**Q** 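Before I ask anything, here is the structure I am working with.
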Amino acid sequence: MIKKRIIPCLDVKDGRVVKGIQFKGLRDIGDPVDLALYYNNEGADELVFLDISKTENGHALTLDIIQRTAEQLFIPLTIGGGIASLDDISQLLQHGADKVSLNSAALKNPKLIQEASDKFGKQCICIAIDSQYDEALDDYFCCTHGGKVRTDVRVYDWIQQVEALGAGELLVTSMAYDGMKQGFDIHHLNEIAKRVNIPVIASGGGGNARHFTELFTSTNVSAGLAASILHDKETTVNEIKTELQQGGVPVRWN
């Protein structure tokens with residue numbers, strides 16, 4: 001049985017880690033390099049670094065911070081936020097990223113997924129999806145620009161399209177659940193995992209260790225992402241993994 005992954009997420013704005021609720025009300029958490037080292041030593045399986053100021057404002061890739069972060073890690077590092085070209089991806093991989101996460105640019109130019117997968121290998125290409133539920137249409141739609149702009153692209157269509165184009169992994173954030181700490185969007189994540197044959201990382205809603213057990217026993221997702229509950233020390237990677245193991249969910253012990 002494939003072991004499940006626990007992945008802390010660093011949302012970085014202007015060189016600092018921040019966190020909000022449903023993508024709003026951001027508060028300062030700390031230095032990304034310090035936090036990366038902490039999570040590396042705490043037994044995280046991977047780390048996701050999302051440069052949200054890059055997505056919003058389009059400033060230059062924060063390569064210095066990324067390189068200093070990567071130098072602290074012995075676990076895979078995924079970088080996302082405002083990546084718009086093959087050159088951007090190349091620079092990030094050269095500065096220590098193991099994978100890149102594409103969202104807005106992929107929706108704008110789906111061909112970028114295929115080109116990136118062909119050039120760098122599908123294992124390097126993660127497609128991030130900020131999923132918003134529309135009650136009137138009873139369907140989920142992709143959002144861009146840090147969740148601020150809703151598109152007409154339906155999530156269930158998009159996940160199958162990106163898999164066909166060569167994406168190696170999906171990172172799905174249920175926007176209504178983000179930062180709420182009430183548990184993951186089990187139904188939605190289950191529907192996504194059933195429709196694709198690539199790993200799915202679940203994001204949005206993890207409030208305690210039990211929520212991760214529920215996630216992995218109720219869906220076939222590969223990993224769970226967490227931010228505020230880990231940053232605020234409400235729980236730890238070790239506590240989540242202990243809870244999972246007790247619940248019969250296989251995990252890695254570094």
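Along the sequence shown, residues carry numbers from 1. Since the structure is predicted, the reported quantities are computational estimates derived from the model, not experimental observations.
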**Q** If the threshold is 4.0 Å, N to carboxylate O, is there a salt bridge linking E234 and K19?
**A**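 Result for this pair is no, no salt bridge flagged.
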**Q** Any idea which heavy atoms bring I83 and I79 closest together, and the distance?
**A**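 Looks like CD1-O, 3.5 Å.
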**Q** Can you check whether R210's main-chain N or O pairs, donor with acceptor, with E214's side chain at less than 3.5 Å?
**A** no
**Q** I need the minimum non-hydrogen distance between C143 and M175, along with the two atoms involved.
**A**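 Shortest heavy-atom contact: SG-SD, 3.7 Å.
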**Q** Salt bridge check, E191 against R195: does any charged N sit closer than 4.0 Å to a carboxylate O?
**A**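 Salt bridge flag = yes for E191 with R195.
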**Q** Does a side-chain N-to-carboxylate-O contact under 4.0 Å join D31 and R68?
**A**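 Salt bridge: no.
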**Q** Kindly indicate, with the supporting measurements, whether the criterion side-chain contact (heavy atoms from CB on, under 4.5 Å) is fulfilled by V172 and D130.
**A** CA-CA 6 Å; V172 180; D130 295 331; over 6 Å; no
**Q** Please determine whether residues L37 and V33 belong to a single hydrophobic cluster, defined as Ile, Leu, Val, Met, Phe, Trp and Tyr linked transitively by side-chain heavy-atom distances below 4.5 Å.
**A**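 No, because L37 and V33 fall into different hydrophobic clusters, even though each may have its own neighbours under 4.5 Å.
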**Q** Any sub-3.5 Å donor-acceptor pair from S104's side-chain atoms to H145's backbone N or O?
**A** yes
**Q** Could you give the distance from OG (S117) to CD (E163), rounded to the nearest 0.5 Å?
**A**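 It comes to 11.0 Å.
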**Q** Which pair of non-hydrogen atoms, one from R16 and one from G30, has the smallest distance, and what is that distance?
**A** NH2-CA, 3.5 Å
**Q** Measure the shortest side-chain to side-chain distance between S228 and R27 over non-hydrogen atoms and say whether it is less than 4.5 angstrom.
**A** yes
**Q** Between D98 and T78, is there a side-chain heavy-atom distance shorter than 4.5 Å?
**A** no
**Q** Just how far is it from atom CD1 of I7 to atom CD1 of I201, taken to the nearest 0.5 Å?
**A** 4.0 Å
**Q** May I have the step-by-step check of side-chain contact (heavy atoms from CB on, under 4.5 Å) for I159 and V200, ending in yes or no?
**A** CA-CA 10 Å; I159 58 173; V200 176; over 6 Å; no
**Q** Test your reading of the model: is there a side-chain donor-acceptor pair from K4 to the backbone of V221, 3.5 Å cut-off?
**A** yes
**Q** Checking T219 side chain against L215 main chain: does a donor-acceptor pair fall under 3.5 Å?
**A**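 A pair under 3.5 Å: yes.
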**Q** Determine, step by step, whether D118 and Q114 satisfy the side chain to side chain donor-acceptor pair (under 3.5 Å) criterion, reporting the C-alpha distance in whole Å, the side-chain angles of both residues, the deciding distance to 0.1 Å, and the verdict.
**A** CA-CA 6 Å; D118 288 346; Q114 187 167 24; 4.6 Å; no
**Q** Using a strict cut-off of less than 4.0 Å between a Lys/Arg side-chain nitrogen and an Asp/Glu carboxylate oxygen, indicate whether D134 and R154 qualify as a salt bridge.
**A** no
**Q** How far apart are the C-alpha atoms of L73 and Y39, what are their side-chain angles, what is the distance that settles it, and do they pass the side-chain contact (heavy atoms from CB on, under 4.5 Å) test?
**A** CA-CA 9 Å; L73 297 177; Y39 288 125; over 6 Å; no
**Q** Do you know the tightest heavy-atom contact between I89 and A116?
**A** CD1-CB, 3.7 Å
**Q** Any donor-acceptor pair under 3.5 Å linking the side chain of S222 with the backbone of P199?
**A**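 Answer holds: no.
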**Q** Could you check whether any side-chain heavy atom of P110 comes within less than 4.5 Å of a side-chain heavy atom of W158, counting everything from C-beta outward?
**A** yes
**Q** Spell out, as yes or no, whether a donor-acceptor pair under 3.5 Å connects the side chain of N40 to the backbone of F74.
**A** yes
**Q** Is there a path of hydrophobic side-chain contacts, each under 4.5 Å between heavy atoms of I, L, V, M, F, W or Y residues, that connects F141 with I129?
**A** no
**Q** For residues F216 and G224, report the shortest heavy-atom separation together with the two atoms involved.
**A** CZ-N, 3.5 Å
**Q** Are the side chain of D45 and the backbone of I6 linked by a donor-acceptor contact shorter than 3.5 Å?
**A**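 Yes.
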**Q** Which value, rounded to the nearest 0.5 Å, describes the distance between L77 atom CG and Q67 atom CD?
**A**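 Between L77 CG and Q67 CD, I get 11.5 Å after rounding to 0.5 Å.
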**Q** Side chains of S203 and L171: does their closest heavy-atom pair fall under 4.5 Å?
**A** yes
**Q** Tell me, yes or no, whether the heavy-atom count around I2 atom CD1, taken from other residues, nucleotides or ligands under 6.0 Å, exceeds 12.
**A**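 Count not over threshold, so no.
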**Q** Quick one: CD on Q160 to CG on L165, what's the gap to the nearest 0.5 Å?
**A**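 Separation between the atoms: 12.0 Å.
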**Q** Report yes if the side chains of N220 and L189 come closer than 4.5 Å at any heavy-atom pair, otherwise no.
**A**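 They are not in side-chain contact.
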**Q** Taking the side chain as every heavy atom from C-beta outward, state whether I125 and V100 have any pair of such atoms under 4.5 Å apart.
**A** yes
**Q** Please report the closest heavy-atom contact between I198 and K122, naming both atoms and the distance.
**A**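 Smallest interatomic distance, heavy atoms only, reads CG2-NZ, 4.4 Å.
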**Q** Report yes or no: does H231 contribute a side-chain atom to a donor-acceptor pair with the main-chain N or O of C9 at less than 3.5 Å?
**A** yes
**Q** Give a yes or no on whether V237 and V249 share a hydrophobic cluster (residues Ile, Leu, Val, Met, Phe, Trp, Tyr; joining criterion: side-chain heavy atoms under 4.5 Å apart).
**A** yes
**Q** Which label fits Y133 and Y140: parallel for a plane angle under 30°, tilted from 30 to 60°, or perpendicular past 60°?
**A**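 Tilted.
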**Q** If only atom types and distance count, is the side chain of E239 paired as donor or acceptor with the main-chain N or O of A209 below 3.5 Å?
**A** no
**Q** Measuring from atom CG of L50 to atom CG of L225, what distance do you get when rounded to the nearest 0.5 angstrom?
**A**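 One gets 7.5 Å once the value is rounded to the nearest 0.5 Å.
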**Q** Could you walk me through whether H188 and V155 pass the side-chain contact (heavy atoms from CB on, under 4.5 Å) test, one step at a time?
**A** CA-CA 10 Å; H188 186 37; V155 170; 4.0 Å; yes
**Q** Would you kindly confirm whether V149 and I127 end up in one hydrophobic cluster when ILVMFWY residues are joined by side chain heavy atoms under 4.5 Å apart?
**A** no
**Q** Between NE2 of H95 and OG1 of T69, what distance do you get to the nearest 0.5 Å?
**A** 12.0 Å
**Q** Is there a donor-acceptor pair under 3.5 Å between the side chain of N238 and the backbone N or O of K241?
**A** no
**Q** Should L244 and W253 be counted in the same cluster of Ile, Leu, Val, Met, Phe, Trp and Tyr side chains packed under 4.5 Å apart?
**A** yes
